[in-house]
2 protein chains.
Amino acid sequence: MDDPRWLDETEMAAWRGFVAATNLVARHLERQLKEDAGLSHTQYEILVQLSAAPGGSLRMTDLADRLITSKSGLTYQVTQLEKAGLVARRSCPSDVRGVFAEITDQGWSVLRAAAPGHVAAVREALIDVLAPAQLAALAESLGTVSDRLRAADS
Amino acid sequence: MDDPRWLDETEMAAWRGFVAATNLVARHLERQLKEDAGLSHTQYEILVQLSAAPGGSLRMTDLADRLITSKSGLTYQVTQLEKAGLVARRSCPSDVRGVFAEITDQGWSVLRAAAPGHVAAVREALIDVLAPAQLAALAESLGTVSDRLRAADS
DNA sequence: GTCGCAAGGTTCAAATTTGAACTACCAGTC
DNA sequence: GACTGGTAGTTCAAATTTGAACCTTGCGAC
């Protein structure tokens, strides 16, 4: 801490770009989803994760890990989605403590309706802005970053 | 919307990586700053922006633009920082409506104390994980993304 | 001049997020 | 079989965030 290695120009540019892009993209998507589908990005991600899981359901903890939010935050959002009828809770046969969140038919409908607009927004904000080579490099770099941080957390 | 161009494998990897890296890095920094300096990342960023501005002060609106948060959110955080003595509000001579936020001496102290740990965390999460070429590519790509989104917003 | 309208900040209520208890329950040990 | 530590989810209060409504005040058109 006494003699930190400050960031050089490129490093600073990468960091500034990361922070700015992060916030701008998040805001862009949040607004699009809210306006067009009435969902927050978090809620949309919950539906996506469930829809991709076998049986359309996941344990709460698994879901929290994939979403990278706190357990209590997930409890809250799943409750909201349950009230809206997009998700249902089911108890886990093998572990009484366990709870499955399962996407409902209505959840599927909402997700299918929301997906095209969401994908378009993702393209507009990130994908279509970059050349294919840039995109591949981005995927690899950010994959590395994610893997490292996930490993560090455990 | 009727026939959306879905994401191919690379595009999906880039997007998933972006979302995951975004959340993981944010969480990593948030925790480090809170633990070591008692600041949220937003508050830290406010101090950084002010410290980099001429006279250590910025108009509220300018500051909000740089931070990419809502105006009301900024009002709240500046009030918090003001209570803590790290920032002061000053009225703008040329425009009665205007308000400057200015970093105080104590704000400088806190920022100087927090910076090394923050930089170390940034290195750990993002910078030192990537090769220089990757970093340069990342900086350029994310810079492009940010510029486009900023332009689109205005 | 003054009218109309946009800009700068704040305020307010509502929604969300977080971490720290807290309740149950599983699993391995003695 | 009871004890220990750890896991799964929820609940709770506190902090934060957001958008809309709201005052003032600047400014250009007429």
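On a predicted model such as this, the values are computed, not experimentally measured, just so you know. Protein chains get the first letters and strands the later ones, always in sequence-line order, with residue 1 at the start of each.
- Hydrophobic clustering (side-chain heavy atoms under 4.5 Å, transitive across Ile, Leu, Val, Met, Phe, Trp, Tyr) keeps A/V110 apart from A/V122.
- Of the charged side-chain nitrogens involved, none lies within less than 4.0 Å of a carboxylate oxygen, so that B/R150 and B/D65 do not count as a salt-bridged pair.
- Look at A/R16 and B/E45 and you find a salt bridge, because one of the NZ, NE, NH1 or NH2 atoms lies within 4.0 Å of a carboxylate O, short of that distance.
- One can place CD of A/E45 at 17 Å from C1' of C/dT16, the figure rounded to the nearest angstrom.
- For the pair A/K34 NZ and C/dA15 C1', the interatomic distance rounds to 8 Å; values are reported in whole Å.
- For residues 69-93 of chain B, proximity to DNA chain C is found at B/K71, B/S72, B/T75, B/R89, defined as any non-hydrogen atom under 4.0 angstrom from a strand atom.
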Walk me through whether A/R123 and B/E11 qualify under salt bridge (charged side-chain N to carboxylate O under 4.0 Å, His left out).
CA-CA 9 Å; A/R123 285 198 171 281; B/E11 290 167 344; 3.1 Å; yes
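- To the nearest angstrom, C1' of C/dA6 lies 12 Å from CG of B/D95.
- Checking D/dT16, D/dA8, D/dT25 against the side-chain heavy atoms of B/R97 singles out D/dT25 as nearest.
- The phosphate of C/dG9 has OP1 or OP2 within less than 4.0 Å of a side-chain N or O from B/R59.
- Whole-Å rounding puts the A/E30 CD to D/dT16 P distance at 19 Å.
- Proximity note for A/T42 (side chain, C-beta onward) versus C/dG9, D/dG6, C/dT17: the nearest is C/dT17.
- In this structure a side-chain-to-backbone donor-acceptor pair under 3.5 Å is missing from B/Q77 to B/L74.
- Contact detail for B/N23 and A/L67: the closest heavy-atom pair is ND2-O, 4.1 Å.
- In this structure, a donor-acceptor pair under 3.5 Å is present between the side chains of A/T79 and A/R89.
- Distance A/H41 NE2 to D/dT18 C1': 18 Å, rounded to the nearest Å.
- For B/L63 and C/dT10, the CG to C1' distance is 15 Å, given to the nearest whole Å.
- One interatomic measurement links the two molecules: CD1 of A/I46 to P of C/dT17, which rounds to 9 Å at whole-angstrom precision.
- Atom CG of A/L67 is separated from atom P of C/dT17 by 11 Å (rounded to the nearest Å).
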